[in-house]
There are 2 protein chains.
Amino acid sequence: MIPTSKELPLCPVATTVGLIGNKWKLLILQGLLTGVKRFGELRKGIPDISQKVLTQNLRAMEEDGIVIRKVFAEVPPRVEYQLSELGDSLRPIISVMEVWGLNYQKNANTLEHTKQVTS
Amino acid sequence: MIPTSKELPLCPVATTVGLIGNKWKLLILQGLLTGVKRFGELRKGIPDISQKVLTQNLRAMEEDGIVIRKVFAEVPPRVEYQLSELGDSLRPIISVMEVWGLNYQKNANTLEHTKQVTS
DNA sequence: TCCATTAGTTACTTTTAGGTTCCTATATGA
DNA sequence: TCATATAGGAACCTAAAAGTAACTAATGGA
């Protein structure tokens with residue numbers, strides 16, 4: 001789901017999901033919550049994301065007005081990404097996901113259907 | 001992303017995203033927040049979801065301990081779905097998405113890159 | 001007798017997402 | 001002189017997700 005949403009579903013949850021209801025976008029969003037990041041920094045912070053997928057999703061998020069892209073006329077190239085005001089307004093979503101995830105991890109040992117992994 | 005997560009990433013957000021960072025799961029979760037639902041009801045409540053995809057995601061969520069599935073030995077078949085305690089603990093996530101979505105919709109007319117749609 | 005009903009399953013096809021490799025520009029430092 | 005660094009783009013291919021159609025079981029009602 002890379003789609004830059006062009007239509008708004010009636011349901012508010014579906015609207016939100018349409019914009020960021022996708023693994024990579026949520027992780028990119030998280031990466032940008034701490035402030036301006038260069039492309040490479042962002043990439044390093046998101047395990048296993050390929051350059052192509054990162055670029056694609058960043059472009060879609062830019063189109064959706066969530067992310068601001070700044071290109072500097074330097075060599076080697078320098079491109080900085082940051083959240084727009086709209087993007088930053090998504091912070092509570094990541095925040096609540098983080099809280100939930102922490103709690104889940106804490107109890108995960110009592111759940112038989114998961115296993116801890118150290119990567 | 002149907003995968004029933006078998007491993008826990010170190011990052012709490014990634015953990016959460018791994019479980020429900022997917023369009024359909026988020027919408028199914030929303031559908032179940034109001035209580036027990038039969039398969040058909042759930043299907044009706046989620047526009048454009050196909051039977052197959054609904055089944056697949058419900059099964060994955062069941063495996064992840066988010067959803068409880070109850071089969072009644074009746075004809076025609078009757079199957080009820082409900083959130084487990086774990087599933088219900090995800091409520092704040094949908095809740096915050098709903099709030100965000102409502103606000104986004106309210107301001108959407110001032111955003112040039114979206115358009116309202118009535119389906 | 002035959003149709004409708006429900007919650008699927010299966011097989012098959014199409015669509016979408018993602019992976020991989022190769023290519024580029026040019027200032028800097030070795 | 002030559003490798004390095006950065007942020008991609010293009011082409012190609014595979015994998016995963018989703019769509020579609022057909023089929024099922026057993027009962028109740030027309």
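On a predicted model such as this, the values are computed, not experimentally measured, just so you know. Numbers restart at 1 for each chain; the letters A, B, ... are given by sequence-line order, proteins then strands.
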Check your understanding: Taking the side chain from A:N57 and the backbone from A:V53, do they hold a donor-acceptor pair closer than 3.5 Å?
Key -> yes
Practice item. For B:N57 and C:dG8, give me the distance from atom CG to atom C1', rounded to whole Å. Key: 15 Å
**Study point:** Distance in angstrom units between A:E41 CD and D:dG8 P, rounded
**Key:** 13 Å
Point to revise | B:E74 CD to D:dT24 P, straight-line distance once rounded to whole Å | key: 23 Å
Exercise for review: Report yes if a side-chain nitrogen or oxygen of B:R38 is closer than 4.0 Å to either non-bridging phosphate oxygen (OP1 or OP2) of C:dA7; otherwise report no.
Suggested key: yes
Exercise for review: Let me know the distance between NZ of B:K25 and P of D:dA16, rounded to the nearest Å.
Suggested key: 14 Å
Check your understanding: What is the distance, rounded to the nearest whole Å, between atom NZ of A:K52 and atom P of D:dC12?
Key -> 13 Å
Review point. Is there a side chain to side chain contact (heavy atoms under 4.5 Å, CB included) between B:L42 and B:L58 once you walk through the steps?
Key: CA-CA 10 Å; B:L42 208 42; B:L58 280 170; 4.0 Å; yes
Check your understanding: B:N22 side chain: which of D:dA18, D:dA7, C:dT9 is closest?
Key -> D:dA18
Review point. Between A:Q56 (CD) and D:dA10 (P), how many Å, whole number?
Key: 12 Å
Review point. What nucleic acid atoms does B:Q51 come within less than 4.0 Å of, heavy atoms only: base, sugar-phosphate, or nothing?
Key: base
Review point. B:T15 side chain to A:G101 main-chain N or O, any donor-acceptor pair under 3.5 Å?
Key: no
Point to revise | Phosphate OP1/OP2 of C:dG8: any B:Y81 side-chain N/O under 4.0 Å | key: yes
Review point. Per the side chain to side chain contact (heavy atoms under 4.5 Å, CB included) rule, which among A:I20, A:V13, A:L86 passes with B:W100?
Key: A:L86
Check your understanding: Does any non-hydrogen side-chain atom of B:L83 lie less than 4.5 Å from one of B:I68?
Key -> no
Revision key, fill the gap. Here the distance between atom C1' of D:dT6 and atom CG of A:L58, to the nearest Å, is 15 Å
Point to revise | 5' priority, DNA chain D, between B:P77 and A:E80 [closest heavy atom] | key: A:E80
**Study point:** First encountered from the 5' end of DNA chain C, between A:W24 and A:P76
**Key:** A:W24
Check your understanding: Between B:I46 (CD1) and C:dA7 (P), how many Å, whole number?
Key -> 14 Å
Review point. Using a cut-off of 4.0 Å on non-hydrogen atoms, how would the nucleic acid contact of B:F72 be classed: base, sugar-phosphate, or nothing?
Key: nothing
Check your understanding: Under 4.0 Å between a side-chain N or O of A:T55 and OP1 or OP2 of D:dG8?
Key -> no
Exercise for review: Could you check whether A:R69 gets within reach of a base, just the sugar-phosphate, or nothing at all, counting any heavy atom under 4.0 Å?
Suggested key: sugar-phosphate
**Study point:** Distance test, side-chain N/O of A:R78 to OP1/OP2 of C:dA27, below 4.0 Å
**Key:** no
Check your understanding: Can a side chain N or O of A:R43 be found less than 4.0 Å away from OP1 or OP2 on D:dT6?
Key -> no
